[in-house]
Enquirer: 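What follows is a single structure, and I will ask about it in a moment.
Values in this document were obtained by computation on a predicted structure and should not be read as measured data.
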Amino acid sequence: MAKETMKSGGAQGVAEKAVRAVKAKRTKPPAFLEKKYGVANWKQAEEWLAWRSIEDLECITPDLAGVPRGKMMPSNKFTSQTSLALPSALFRQTISGEYPEETGDFRYDPHDGDLKLMPDLSTLSAVPWESDPTAQVICDLVGSDGEEVGYTPRAVLKKVVAAYEKKGWKPIVAPEIEFYLVARNTDPDYQLQPPVGRSGRPIAGGQAYSIAGVNEFDDLIDDIYHFCEGQGLEIDTLIHEEGPSQLEINLRHGDPVALADQVFLMKRTIREAALKQDMFATFMAKPMQGEAGNAMHIHQSVVDIKTGKNIFSAPDGSETELFRSFIGGMQHYIPKALVMMAPYVNSYRRLTPEMAAPVNTAWGYDNRTTAFRIPTSNAAGRRVENRLPSSDANPYLALAASLACGYLGMDNGLVPTSPTAETANEGAISLPRGLLEAVSLMEAERDFDDILGREFTATLAGVKRGEFETFMRVISPWEREFLLLNV
């Protein structure tokens, strides 16, 4: 991935001259100029921006919640020697914008020093919903020593991928993102309602895989596709899910960091497309009481770097011990990493019986009631679908957690339980039932220290405890309904 030292400001004029020369000759431009997503180096970036007459550049990076943070600047300043930085405290901030008290291993930088933004030019793309020509680029963060900051989400995922690479393996993932469309809601005391579709009526639930359900929002879907095309993001499929106005977008399989980048950009894109159509898109795990929640299912396989073969399948097409150990690792470790896949109080409202969500660590073949489903496939496509993460999760952290758990299973030779052919999401819940329990389980698991980093798990734990305390200040309608006059 391209991360070169920024060139001098005069290069912008050179790039513009080169672009004018190509246009004057009416010759076919170099291939990189026509690419909509990513360039190889700073020289290409300068010409790419000039070719599109880009005026503004957004340098963004995901915080712990997956919220884009960063800076905007003129494109000629971006391609100069300008040094970009963010305060380290941003990565210790709760979703409500507060800074928790120091507890346990959770500590602030006493100087709140700068973290330098390092643009990853392989993610450069347009921002198609902006009125002025604007581009965006995802950035990594380095400290004053030049080393990547280990507790930032993109760095955590890259650390997990590096652990696979040391074994000669490459993980492959394919995320599926569910979200609800809701009518504009500016008062949090009011329950969310489905928006009105083209029929003039709010769409009801029970529309899973309904083409008519998708067609209710043709203009919105068109905007999503146009915005994605403008950024070079590829959607595999789009369907209507079970809930009212609930949609799901599936992405093509590929490199974990690249796919996390796509989910990060895709969530932003979907929100912008919804706003254009005067509605909201929400990735809350459980936005509507009594309706299905929003999941982010993750399909995972692992290939041998040298041969490109799926290590989950033997030459004769049978399952390998590594495949079983990957599942064993998911079963053993994911309850302890669940806070990375279910990061909010609301997330645990989704993981309840009879609501199309897992409630334990059962696995099975083509069994959607399990946490870990093995889809029907040929030997080359053998994979494990993790159905526990919710769409509110930071995609970098959800992928990092899921892959880390599978890796630890293979590294430690763990053996899974027997697969189940029964309905697995009924009865008792054997996962953490709330945010604080999930945080405690993560902190206590020392096997995460090397693959995820102790500084990261301590930082995440401190932020999540702070968010829980914020939640506890709120009096809910349930409390007013049943406690006001009865106790």
Side-chain angles (χ1 to χ4, degrees), residues 61-69 86-109 112 115 140-141 143 148-161 163 256-257 260 263-264 283 285 296 298 333-348 351 386 388-405 407-408 431-432 434-471:
T61 193
D63 68 3
L64 285 184
V67 174
R69 306 282 185 182
L86 296 177
S88 64
L90 275 178
F91 294 89
R92 291 167 174 83
Q93 190 179 50
T94 67
I95 192 66
S96 59
E98 297 178 282
Y99 295 94
E101 296 292 327
E102 292 184 338
T103 56
D105 292 333
F106 174 63
R107 293 289 182 271
Y108 291 94
D109 177 352
D112 191 15
L115 304 180
D140 290 313
L141 290 142
E148 197 161 20
V149 181
Y151 55 80
T152 57
R154 210 165 183 255
V156 174
L157 178 55
K158 289 164 76 173
K159 184 179 178 71
V160 173
V161 172
V257 177
V263 175
F264 174 59
F283 298 88
M296 181 170 61
I298 301 171
Y333 288 105
I334 274 187
K336 305 170 186 181
L338 191 61
V339 68
M340 297 172 67
M341 307 175 203
Y344 303 103
V345 173
N346 179 263
S347 309
Y348 297 86
L351 302 174
N386 181 1
L388 279 170
S390 46
S391 285
D392 58 355
N394 181 322
Y396 300 92
L397 299 186
L399 286 170
S402 194
L403 291 172
C405 293
Y407 172 91
L408 290 171
L431 298 168
L435 184 62
L436 289 186
E437 182 185 354
V439 168
S440 296
L441 286 173
M442 179 187 67
E443 284 185 304
E445 182 50 75
R446 304 315 298 244
D447 284 353
F448 292 157
D449 288 1
D450 287 337
I451 194 163
L452 296 175
R454 187 66 182 175
E455 186 179 22
F456 161 71
T457 55
T459 299
L460 184 64
V463 169
K464 292 301 156 186
R465 285 202 171 93
E467 288 176 350
F468 183 80
E469 292 305 319
T470 303
F471 168 78

Enquirer: Considering all heavy atoms of both residues, which atom of Ala404 and which atom of Val160 are nearest to each other, and what is their separation?
Expert: N-CG1, 3.8 Å
Enquirer: Tell me the closest heavy-atom pair linking Leu452 and Ala400, and the distance in Å.
Expert: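 Reported closest heavy-atom pair: CD2-O, 4.2 Å.
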Enquirer: Would Lys158 and Asp140 pass as an ion pair if we require N to O under 4.0 Å?
Expert: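 Salt bridge between Lys158 and Asp140, a charged N being under 4.0 Å from a carboxylate O: yes.
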Enquirer: Are the side chain of Glu467 and the backbone of Ile95 linked by a donor-acceptor contact shorter than 3.5 Å?
Expert: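 Present.
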Enquirer: Check whether Asn394 reaches the backbone of Leu64 with its side chain - one donor and one acceptor, N or O, closer than 3.5 Å.
Expert: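 Yes; at least one donor-acceptor contact below 3.5 Å.
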Enquirer: Do we get Arg92 above Tyr151's six-membered ring, with its NZ or CZ under 6.0 Å from the centre and within 45° of the axis?
Expert: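 Geometry flag: set, cation within 6.0 Å and 45°.
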Enquirer: Identify the two heavy atoms, one from Ala337 and one from Cys405, that lie closest to each other, and give their separation to 0.1 Å.
Expert: CB-SG, 3.9 Å
Enquirer: Check step by step if side-chain contact (heavy atoms from CB on, under 4.5 Å) holds for Val463 and Gln93.
Expert: CA-CA 6 Å; Val463 169; Gln93 190 179 50; over 6 Å; no
Enquirer: Pro62 and Tyr396: which non-hydrogen atoms are nearest, and at how many Å?
Expert: CG-CE1, 3.3 Å
Enquirer: Got a second to check how far Ile451's CD1 is from Leu408's CG, nearest 0.5 Å?
Expert: 5.0 Å
Enquirer: Enter the distance from Leu441:CG to Leu431:CG here, rounded to the nearest 0.5 Å.
Expert: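 If we round to the nearest 0.5 Å, Leu441:CG and Leu431:CG are 10.0 Å apart.
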Enquirer: Could you check whether any side-chain N or O of Thr152 sits under 3.5 Å from a backbone N or O of Asp63, counting only pairs where one atom can act as donor and the other as acceptor?
Expert: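 No; judged by distance alone, with no hydrogens or angles, the pair does not exist.
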Enquirer: Mind running side-chain contact (heavy atoms from CB on, under 4.5 Å) on Glu469 and Thr94 for me, showing each step along the way?
Expert: CA-CA 10 Å; Glu469 292 305 319; Thr94 67; over 6 Å; no
Enquirer: Keeping Thr459 on the side-chain end and Glu455 on the backbone end, is there a donor-acceptor pair under 3.5 Å?
Expert: yes
Enquirer: To the nearest 0.5 Å, what is the distance between CG on Leu435 and CZ on Phe468?
Expert: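 The distance works out to 7.0 Å.
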Enquirer: Got a second to check how far Thr61's OG1 is from Phe91's CZ, nearest 0.5 Å?
Expert: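 The OG1 atom of Thr61 sits 5.0 Å away from the CZ atom of Phe91.
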Enquirer: Ignoring hydrogens and geometry, is there a side-chain-to-backbone donor-acceptor pair from Lys464 to Pro343 under 3.5 Å?
Expert: yes
Enquirer: For a side-chain contact (heavy atoms from CB on, under 4.5 Å) with Thr457, tell me which candidate from Met442, Arg446, Glu443 qualifies.
Expert: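 With Thr457 as partner, Met442, Arg446, Glu443 yield a single side-chain contact (heavy atoms from CB on, under 4.5 Å), made by Met442.
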Enquirer: Rounded to the nearest 0.5 Å, how far apart are CE of Met340 and CZ of Phe448?
Expert: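 Met340 atom CE to Phe448 atom CZ measures 8.0 Å (nearest 0.5 Å).
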Enquirer: I want to check something: taking the side chain as every heavy atom from C-beta on, are Leu351 and Leu338 in contact at a cut-off of under 4.5 Å?
Expert: yes
Enquirer: Quick check: does any side chain N or O of Arg69 sit under 3.5 Å from a backbone N or O of Gly66, one acting as donor and the other as acceptor?
Expert: no
Enquirer: Can you name the closest pair of heavy atoms from Ala438 and Val339 and give their distance?
Expert: CB-CB, 3.9 Å
Enquirer: Are the side chains of Met341 and Ile334 in touch, meaning some heavy atoms are under 4.5 Å apart?
Expert: yes
Enquirer: Work out which heavy atom in Asp449 is nearest to a heavy atom in Glu445; give both atom names and the distance.
Expert: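 Nearest pair, atom of Asp449 first, then Glu445: OD1-O, 4.1 Å.
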Enquirer: Is a side-chain N or O of Asp112 found less than 3.5 angstrom from the main chain of Ala89, in a donor-acceptor match?
Expert: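 Yes.
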Enquirer: Is there a side-chain contact (heavy atoms from CB on, under 4.5 Å) between Leu460 and Val439? Walk through the geometry before answering.
Expert: CA-CA 8 Å; Leu460 184 64; Val439 168; over 6 Å; no
Enquirer: In Å, rounded to the nearest 0.5 Å, how long is the span from CG of Asp450 to NZ of Lys159?
Expert: 7.0 Å
Enquirer: Would you check if Tyr108 and Pro100 make a side-chain contact, meaning some heavy-atom pair closer than 4.5 Å?
Expert: yes
Enquirer: Does any donor atom in the side chain of Glu98 or Ser96 lie under 3.5 Å from an acceptor atom in the other side chain?
Expert: yes
